[in-house]
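Residue numbering restarts at 1 for every chain, and letters A, B, ... go by the order of the sequence lines. All figures in this text were calculated on a predicted structure; none of them were measured in a lab.
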2 protein chains.
Amino acid sequence: MIIVLKALSNEKRLKILQWLKEPKKNFASSHCDVAKDGVCVGLIEEKIGLSQSTVSQYLMLLQQAGLITTERRGQWTYCKRNEKAIKELVKNLENI
Amino acid sequence: MIIVLKALSNEKRLKILQWLKEPKKNFASSHCDVAKDGVCVGLIEEKIGLSQSTVSQYLMLLQQAGLITTERRGQWTYCKRNEKAIKELVKNLENI
DNA sequence: TTGACATATCGGAAAATCTCGATATAATAA
DNA sequence: TTATTATATCGAGATTTTCCGATATGTCAA
């Protein structure tokens with residue numbers, strides 16, 4: 001619970017999570033379908049204006065918190081929201 | 001939003017908020033009715049095992065985040081959960 | 001008024017977080 | 001195989017958070 005709240009309590013990470021809610025609206029990829037495949041790290045990096053290493057670490061944090069899933073495919077790592085876990089979190093927060 | 005999540009993303013502060021949900025179960029006061037009046041700082045301090053100054057500061061953070069209300073009455077400061085704000089938060093988190 | 005109690009504020013040490021550049025790894029293309 | 005591209009990891013400086021003790025303020029009781 002704390003680890004999830006910690007992951008969320010950062011503006012940039014929260015923004016990433018929110019962007020991933022509407023991949024098509026927020027990202028454009030030439031090599032994949034962001035809605036189906038997920039959004040690769042480079043696109044997020046480009047949009048958020050943080051260094052590549054920072055984005056990579058932030059995504060790791062979000063993943064450890066269970067808020068996103070990542071999947072390596074070829075040279076890319078695709079990120080998606082973990083809607084199930086997010087719903088679970090909100091449900092838990094209801095009796096905080 | 002971020003300020004609220006930051007306030008919540010600390011184990012001790014989250015604990016305080018949760019304790020305040022059931023004042024009668026968690027606190028016993030000789031000079032007031034914790035359910036009606038609220039819980040004074042000293043009781044929280046005693047239970048959580050942090051210094052008086054730290055507890056005072058944490059309560060200030062929770063208050064600034066809108067999660068609790070505090071009211072000075074006599075020499076005591078009584079704390080209560082701000083259920084309305086908490087509900088609002090959870091509602092907002094639903095479309096995070 | 002003075003002393004005792006409850007809480008708030010201040011200043012700072014230690015730990016954690018933020019963020020970067022450099023470098024490593026992994027996959028692909030030439 | 002080598003170069004290129006995408007991502008991960010490492011090490012470190014800057015900033016923020018955690019938490020304390022000392023001190024200040026406010027209230028009450030004698």
**Item:** 5′-ward residue of the pair A/Y78/B/R73 relative to DNA chain D
**Value:** A/Y78

**Item:** B/K15 side chain near B/N10 side chain, heavy-atom distance below 4.5 Å
**Value:** no

**Message:** So B/R13, base contact, sugar-phosphate only, or nothing? Heavy-atom distance under 4.0 Å.
**Reply:** sugar-phosphate

**Asked** Is it true that B/Y78 and B/L20 fall in one hydrophobic cluster, defined by side-chain heavy atoms closer than 4.5 Å?
**Response** no

**Prompt:** Do B/W19 and B/W76 share a hydrophobic cluster (ILVMFWY, side-chain heavy atoms under 4.5 Å, transitive)?
**Reply:** no

**Request:** Among the candidates D/dA6, C/dT19, D/dT27, find the nucleotide nearest to the side-chain atoms of A/R72.
**Result:** D/dA6

**Asked** Taking atom types as they are modelled, is there a donor-acceptor pair under 3.5 Å from the base of D/dC28 to the side chain of B/Q75?
**Response** no

**Message:** So, under a plain 3.5 Å distance rule, would you say the side chain of A/Q57 forms a donor-acceptor pair with the base of D/dA8?
**Reply:** no

**Request:** Verify the contact: side-chain N or O of A/S56 to OP1 or OP2 of D/dA8, cut-off strictly under 4.0 Å; return yes or no.
**Result:** yes

**Message:** OP1 or OP2 of C/dT19 versus the side-chain N and O atoms of A/T54: is any pair under 4.0 Å?
**Reply:** no

**Prompt:** Between B/N10 and D/dT17, does any side-chain N or O lie under 4.0 Å from OP1 or OP2?
**Reply:** no

**Whole-Å distance separating the CD1 atom of A/I44 from the P atom of D/dA6** = 14 Å

**Asked** Is the phosphate of D/dC19, meaning OP1 or OP2, less than 4.0 Å from a side-chain N or O of B/K12?
**Response** yes

**Asked** Between B/M60 and B/I48, is there a shared hydrophobic cluster once you connect ILVMFWY residues whose side-chain heavy atoms come closer than 4.5 Å?
**Response** no

**Asked** Side-chain N or O of A/Y58 less than 4.0 angstrom from OP1 or OP2 on C/dT19?
**Response** yes

**Prompt:** So what does B/Q52 touch, heavy atoms closer than 4.0 Å: a base, only the sugar-phosphate, or nothing?
**Reply:** base

**Asked** Quick one: B/W76 CH2 to D/dT25 P, roughly how many Å, whole number?
**Response** 22 Å

**Request:** Give a yes/no on whether any side-chain N or O of B/S53 is located under 4.0 angstrom from OP1 or OP2 of C/dC10.
**Result:** no

